[in-house]
Amino acid sequence: MEVAVSYLKSKYDTKTTLKLIENTSANYIHVDLMDGGFVPRRNFEVDDVIKLLSGTNKDLDIHLMAFDPIIYVEELAKLKPTYITFHVEATHDIVNTIERIKWNNIKVGLSIKPNTDILELMPYLSLVDLVLIMSVNPGLGGQEFMVDTVNRVNNLIKIREENKLNFKIEVDGGINEDTIKNVLGVDMVVSGSYVCMSDNFEDAVNKLRLN
């Protein structure tokens, strides 16, 4: 299982947090970008994100919590992220957004909020590389894992198997050494405050991997 670490909530300033993540064995830095419309909080200007993350030694897993995500793709592509993930609820232009991300040689992720039926993903599952299941309401760090996520993940795994599809499944929200036991069948997890509020980032990452 791959581990991505979100720096959204940390006991350190952002630059220090990123350096500490870079020094762990985590697979990705998870980049949560919120526009203040799709979710209540706004936390980015694209130019600032590029300055902050240029030159990082970790692969980037970008999660766009923003309406009209297609407008951000070309600029974010400058960071050469491994993934750009956007929400099915955030645009009516889902196929064009997928194609724009792929055109930039970036893998595509599609996400849904906890209250969105996973069947909303069905028309697009053959087009994407990753599906991000939110196990908290998007927009705030430090929330508790929603237990309904387990059934959603299991249903998505079944859909993937029955349709012989190849997308990865990622879970984001409330992941720690205890809650990760609920989602051991997924390919990737995102952990934020569990790692970044700890005294030892690498130790926290390793505890996730032991499950």
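Counting from 1, the numbers follow the sequence of the chain as shown.
- For Thr14, there are no side-chain hydrogen bond (donor to acceptor under 3.5 Å, both in side chains) partners at least two apart in sequence or on another chain.
- For the pair Val3 and Val5, the minimum side-chain heavy-atom distance is below 4.5 Å.
- A distance-only check finds no donor-acceptor pair linking the side chain of Thr116 to the backbone of Ile112 [under 3.5 Å].
- Here the closest heavy-atom approach between residue Leu20 and residue Thr24 is recorded as O-CG2, 3.1 Å.
- Side-chain contact check for Tyr72 versus Ile70: every heavy-atom pair is 4.5 Å or farther apart.
- A distance of 6.0 Å or more separates the ring centres of Tyr194 and Phe201.
- Between Lys51 and Asp47, no side-chain nitrogen of the basic residue sits less than 4.0 Å from a carboxylate oxygen of the acidic one, so the salt-bridge criterion is not met.
- Annotation: side chain of Val136 is not in contact with side chain of Pro114 (no heavy-atom distance under 4.5 Å).
- Tracing side-chain contacts under 4.5 Å through hydrophobic residues (I, L, V, M, F, W, Y), one reaches Phe86 starting from Leu125; they form part of the same cluster.
- Between the side chains of Glu74 and Asn104, at least one donor-acceptor pair of N or O atoms lies under 3.5 Å.
- Residues Ser111 and Val88 have side chains not in contact (no heavy-atom distance under 4.5 Å, counting atoms from C-beta outward).
- Applying the 6.0 Å contact sphere to NZ of Lys11 captures more than 12 heavy atoms from other residues, nucleotides or ligands.
- Scanning both residues, Pro138 and Val39, for their nearest heavy atoms gives O-CG1, 3.4 Å.
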Assess whether side-chain contact (heavy atoms from CB on, under 4.5 Å) is satisfied between Glu22 and Lys58, documenting all intermediate values.
CA-CA 6 Å; Glu22 287 178 344; Lys58 289 287 186 191; 4.2 Å; yes
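- A donor-acceptor pair under 3.5 Å links the side-chain atoms of Asp129 to the main chain of Val108, judged by distance alone.
- With Ser135 as the partner, the side chain to side chain contact (heavy atoms under 4.5 Å, CB included) test is satisfied by one option alone out of Val150, Val171, Val147: Val171.
- Under a cut-off of 6.0 angstrom, the local environment of CG in Asp117 is crowded, with over 12 non-hydrogen atoms contributed by other residues, nucleotides or ligands.
- Taking the side chain as every heavy atom from C-beta outward, Arg160 and Val131 never approach each other to under 4.5 Å.
- A donor-acceptor distance shorter than 3.5 angstrom exists from the side chain of Asn200 to the backbone of Glu202, with no hydrogens or angles considered.
- Proximity of Lys19 to Tyr12: side-chain heavy atoms (C-beta onward) are nowhere separated by under 4.5 Å.
- Under the 4.5 Å side-chain heavy-atom criterion for Ile, Leu, Val, Met, Phe, Trp and Tyr, Trp103 and Tyr83 are members of distinct hydrophobic clusters.
- Applying side chain to side chain contact (heavy atoms under 4.5 Å, CB included) to Asp172 and the options Asp32, Val189, Asp61 leaves one that passes, Asp32.
- Side-chain contact between Phe145 and Asp178 is absent, with no heavy-atom pair separated by less than 4.5 Å.
- Each of Leu210 and Val190 belongs to its own hydrophobic cluster when Ile, Leu, Val, Met, Phe, Trp and Tyr are linked at side-chain heavy-atom distances under 4.5 angstrom.
- A side chain to side chain contact (heavy atoms under 4.5 Å, CB included) with Met134 is found for one member of Glu170, Lys113, Met146, His87 and no other, namely His87.
- One side chain, Asp93 or Asn96, offers a donor N or O that lies under 3.5 Å from an acceptor on the other.
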Step by step, work out the side-chain contact (heavy atoms from CB on, under 4.5 Å) result for Thr91 and Phe67.
CA-CA 6 Å; Thr91 178; Phe67 286 121; over 6 Å; no
Candidate pair Phe167 and Leu156, rule side-chain contact (heavy atoms from CB on, under 4.5 Å), full reasoning
CA-CA 10 Å; Phe167 59 86; Leu156 188 58; 3.9 Å; yes
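- Remark: side-chain polar atoms of Asn155 are paired, donor with acceptor, to backbone N or O of Asn151 under 3.5 angstrom.
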After noting the C-alpha distance and the side-chain angles of Lys78 and Glu75, does the key distance pass the salt bridge (Lys or Arg N to Asp or Glu O under 4.0 Å) rule?
CA-CA 6 Å; Lys78 294 176 182 177; Glu75 286 298 302; 2.9 Å; yes
Please step through side-chain contact (heavy atoms from CB on, under 4.5 Å) for the pair Leu64 and Thr85, ending with a clear verdict.
CA-CA 6 Å; Leu64 269 172; Thr85 295; over 6 Å; no
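- Hydrophobic clustering (ILVMFWY, side-chain heavy atoms < 4.5 Å, transitive): Leu121 and Ile157 are in one cluster.
- A donor-acceptor pair is defined here as one N or O able to donate and one able to accept, closer than 3.5 Å; no such pair exists between the side chain of Ser6 and the backbone of Gly192.
- Side-chain contact, Thr179 with Asn176: a donor N or O sits under 3.5 Å from an acceptor N or O.
- In terms of modelled atom types and a separation under 3.5 Å, the side chain of Ser54 and the main chain of Ile50 share a donor-acceptor contact.
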For the pair Arg152 and Asp148, evaluate salt bridge (Lys or Arg N to Asp or Glu O under 4.0 Å) and give the outcome as yes or no after the intermediate values.
CA-CA 7 Å; Arg152 289 163 67 79; Asp148 288 350; over 6 Å; no
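- Looking at heavy atoms from C-beta onward, Met188 lies out of side-chain contact with Met1 at the 4.5 angstrom threshold.
- Lys107 is linked by a salt bridge (charged side-chain N to carboxylate O under 4.0 Å, His left out) to nothing, counting only residues two or more places apart in sequence or in another chain.
- Looking at Arg42, its side chain does come within 3.5 Å of a backbone N or O of Asp35 through a donor-acceptor pair.
- Contact record, Pro123 with Leu119: CD-O, 4.0 Å, taken as the closest heavy-atom pair.
- Ile133 and Tyr124 fall within the same hydrophobic cluster, defined by Ile, Leu, Val, Met, Phe, Trp and Tyr side-chain heavy atoms under 4.5 Å apart, directly or through other members.
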